[in-house]
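Data first, discussion second: the structure below is written as structure tokens.
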There are 4 protein chains.
Amino acid sequence: MITKQRLEAFSDGVIAIIITIMVLEIKTPHAADLESLKPLIPVFISYVLSFLYVGIYWTNHHHMILAAKSVNGKILWANLNLLFWLSLIPFVTAWMGENHFARWPVIFYGIILILNSLAYKLLAYMLVRHHGSDSVLNKAIGRDLKGWFSIVVYGIAVAASFINSSAGLILYFLVAALWLIPDRRIERSVNS
Amino acid sequence: MITKQRLEAFSDGVIAIIITIMVLEIKTPHAADLESLKPLIPVFISYVLSFLYVGIYWTNHHHMILAAKSVNGKILWANLNLLFWLSLIPFVTAWMGENHFARWPVIFYGIILILNSLAYKLLAYMLVRHHGSDSVLNKAIGRDLKGWFSIVVYGIAVAASFINSSAGLILYFLVAALWLIPDRRIERSVNS
Amino acid sequence: MITKQRLEAFSDGVIAIIITIMVLEIKTPHAADLESLKPLIPVFISYVLSFLYVGIYWTNHHHMILAAKSVNGKILWANLNLLFWLSLIPFVTAWMGENHFARWPVIFYGIILILNSLAYKLLAYMLVRHHGSDSVLNKAIGRDLKGWFSIVVYGIAVAASFINSSAGLILYFLVAALWLIPDRRIERSVNS
Amino acid sequence: MITKQRLEAFSDGVIAIIITIMVLEIKTPHAADLESLKPLIPVFISYVLSFLYVGIYWTNHHHMILAAKSVNGKILWANLNLLFWLSLIPFVTAWMGENHFARWPVIFYGIILILNSLAYKLLAYMLVRHHGSDSVLNKAIGRDLKGWFSIVVYGIAVAASFINSSAGLILYFLVAALWLIPDRRIERSVNS
């Protein structure tokens with residue numbers, strides 16, 4: 001039996017680093033006046049958005065692995081695949097913040113969100129296949145309509161950003177807000 | 001039941017990174033003489049102060065979570081909220097050190113300390129609400145007069161910094177010194 | 001008895017940081033157009049290759065330590081030796097990516113891969129000597145033909161890179177692909 | 001009872017980050033030829049030395065905490081104090097490497113080694129006081145002659161560096177070599 005504890009510990013480590021290195025992109029201004037903070041405002045907003053998303057992935061990952069009984073080699077790699085796409089969030093966050101939410105960075109941010117969602121779904125699928133369709137885990141994940149809905153909205157946001165990148169940004173914030181509501185389904189089925 | 005172990009592990013990871021990346025702001029001087037270390041003195045003092053504060057948050061967080069029996073989704077997010085405000089400490093630390101404790105950086109440092117205190121209090125409140133007012137945790141946290149007192153002093157320090165930023169800096173060090181005295185209340189109630 | 005848990009925790013921490021700081025080398029472009037992403041393509045390919053390799057080391061390390069019953073001082077240092085060579089991967093990754101897979105960076109990448117393989121083999125040897133040749137661990141590791149085969153291919157890749165560095169790069173990807181097939185031998189013997 | 005597990009986890013996190021961020025100072029050369037690696041040789045030697053020292057601290061810390069039964073608030077802070085001085089190693093490492101082992105950087109490197117040794121001794125003292133002089137831990141630590149001897153040699157190295165910094169560097173390597181011999185005393189008493 002491969003222990004899931006080390007998968008959790010490693011994922012926690014990587015996610016903790018991802019969420020923290022993003023702050024390094026808020027470059028220290030050389031001047032000491034209020035004015036010098038102004039160009040940092042979009043960088044800060046970009047950081048807040050990505051902190052929310054990485055936080056959401058951490059809590060969802062936490063809940064999903066909690067419901068898992070064991071993991072196998074394929075699950076380890078599906079998990080590494082998710083960590084890979086998560087690791088690209090600091091890059092698109094910095095690009096988007098530095099360029100004041102210009103079109104292409106906002107589009108790429110959305111694409112990375114979609115790829116993260118798909119990587120998460122692949123991990124969920126691998127876990128369900130390993131545990132069987134009658135498992136607590138399968139019931140806990142369910143049909144994950146919120147996950148599919150998010151991917152659709154990301155797609156709309158990417159398309160909208162070709163016309164107006166602010167629309168894309170607002171949609172990313174709305175989806176994050178949707179996920180901040182704790183996922184009662186999994187909590188309930190794990191507790192029962 | 002959501003395990004508190006992973007909340008601890010993730011928080012430890014993020015706090016360990018925050019406390020360590022601050023040292024990256026002590027930029028290596030290109031010259032090899034003693035003189036070239038001189039401009040680093042305020043950067044170093046700023047680092048010491050923030051190391052103390054992040055260390056204080058870690059020990060207090062450690063004690064509080066130790067007294068907790070379990071956590072829920074809201075607590076996970078109150079914890080992420082605290083980690084968010086802690087993650088801004090490296091930024092204000094670097095800004096304050098690089099600008100030799102100029103007015104605005106010192107003011108912002110105090111504001112970030114206040115926001116961290118409030119985030120900590122919110123986490124404590126969520127934990128107490130989850131455990132009930134008769135819990136060991138509630139008794140351990142108590143009325144947390146030291147916490148409220150700190151917030152008041154940070155406010156005074158911020159106000160004083162408009163006139164003289166050295167006064168603000170001294171007050172931040174005094175509050176840190178106050179917290180270095182280990183919190184016997186929680187330790188006692190947990191041990192008994 | 002020295003607990004192997006802390007060796008795992010420390011290794012997870014170091015490997016998590018190694019795999020994540022590599023992404024810092026994908027420097028944020030200052031412009032916001034698609035064109036500005038173009039010079040990042042080799043940097044990205046280089047990152048993908050190293051993410052795969054560090055991921056492979058993490059999963060193999062995970063499996064090997066899982067089969068270990070205990071560790072000693074020499075194993076701690078054989079493990080630190082492996083972590084040392086792993087820590088040089090971000091450097092060669094960045095050098096190779098920034099220089100668009102030029103000859104010398106590709107050669108050095110291969111040399112670092114060989115040194116990592118040898119460090120891994122030394123750790124395996126120390127573990128087997130500590131557990132005895134009849135141990136589950138020894139059977140699990142076996143003759144490790146895949147490990148020796150990889151070293152030979154790295155050597156060929158290094159030699160080939162003197163003529164054509166693309167050949168070296170392709171061979172590194174092929175070896176990585178070989179390792180992505182999960183190591184059923186160890187899993188089987190641990191499970192049985 | 002305050003669990004020592006979280007002290008270990010946090011220390012592992014900080015030490016893992018310290019040992020890994022040092023590699024960021026081996027800055028990627030912009031050219032792709034062998035020549036461009038030459039100025040990195042002292043940076044690399046400096047990295048090797050510090051990797052050894054941080055590794056030594058990690059293994060010794062590991063052994064000492066292993067022998068501890070519990071920790072208290074003062075021990076948490078003695079541990080944070082050690083982590084503070086360890087966190088300055090990347091700075092002196094980079095300064096020493098970049099300046100090709102010039103006098104002042106080598107002197108400061110030695111001073112930081114001395115302060116680390118003293119911080120380690122303070123932590124050991126706090127642990128012994130907490131466990132009592134009859135404890136396994138006290139016997140395990142013993143009189144720690146190797147620790148005192150190291151401090152004396154660091155002092156000689158610092159003094160010698162005023163005349164010839166190469167002498168200082170060689171002495172630092174010799175002390176590191178001395179510690180690479182695993183500390184059988186503690187291992188023995190813990191195992192027995």
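Keep in mind that this is a model prediction, so the values were computed, not measured.
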To the nearest 0.5 Å, how far apart are CH2 in Trp95(C) and OG in Ser36(D)?
5.0 Å

Minimum heavy-atom distance Trp58(D)-Leu7(C), with the two atoms named
CH2-CA, 4.0 Å

Nearest heavy-atom contact between Phe51(D) and Ser87(C) is CE1-OG, 4.4 Å

Heavy atom to heavy atom, less than 4.5 Å: which residues from residues 16-29 of chain D reach chain C?
Ala16(D), Ile17(D), Ile19(D), Thr20(D), Val23(D), Leu24(D), Ile26(D), Lys27(D), Thr28(D), Pro29(D)

Phe91(C)/Tyr47(D) aromatic ring centres below 6.0 Å
no

Would you say that Leu76(C) contacts His63(D) through its side chain, given a criterion of any heavy-atom pair below 4.5 Å between the two side chains?
yes

Could you walk me through whether Asp12(C) and Asp12(D) pass the side-chain contact (heavy atoms from CB on, under 4.5 Å) test, one step at a time?
CA-CA 10 Å; Asp12(C) 279 353; Asp12(D) 279 353; over 6 Å; no

Indicate the atoms forming the closest heavy-atom contact of Leu34(D) with Phe108(C), along with that distance.
CD2-CE1, 3.5 Å

Measure Leu52(D) against the heavy atoms of chain C and call it side chain, backbone, both or neither at under 4.5 Å.
both

Using 0.5 Å steps for rounding, measure from the CG atom of Asp33(D) to the CH2 atom of Trp104(C).
10.0 Å

Residue part contacting chain C, namely of Ala31(D), when any heavy atom lies under 4.5 Å:
backbone

Considering all heavy atoms of both residues, which atom of Phe84(C) and which atom of Val48(D) are nearest to each other, and what is their separation?
CZ-CG2, 3.7 Å

If you compare all heavy atoms of Arg6(C) against all heavy atoms of His62(D), which two are closest, and at what distance to 0.1 Å?
NH1-CA, 3.1 Å

Within residues 161-169 of chain D, contacts to chain C at heavy-atom distances under 4.5 Å involve none

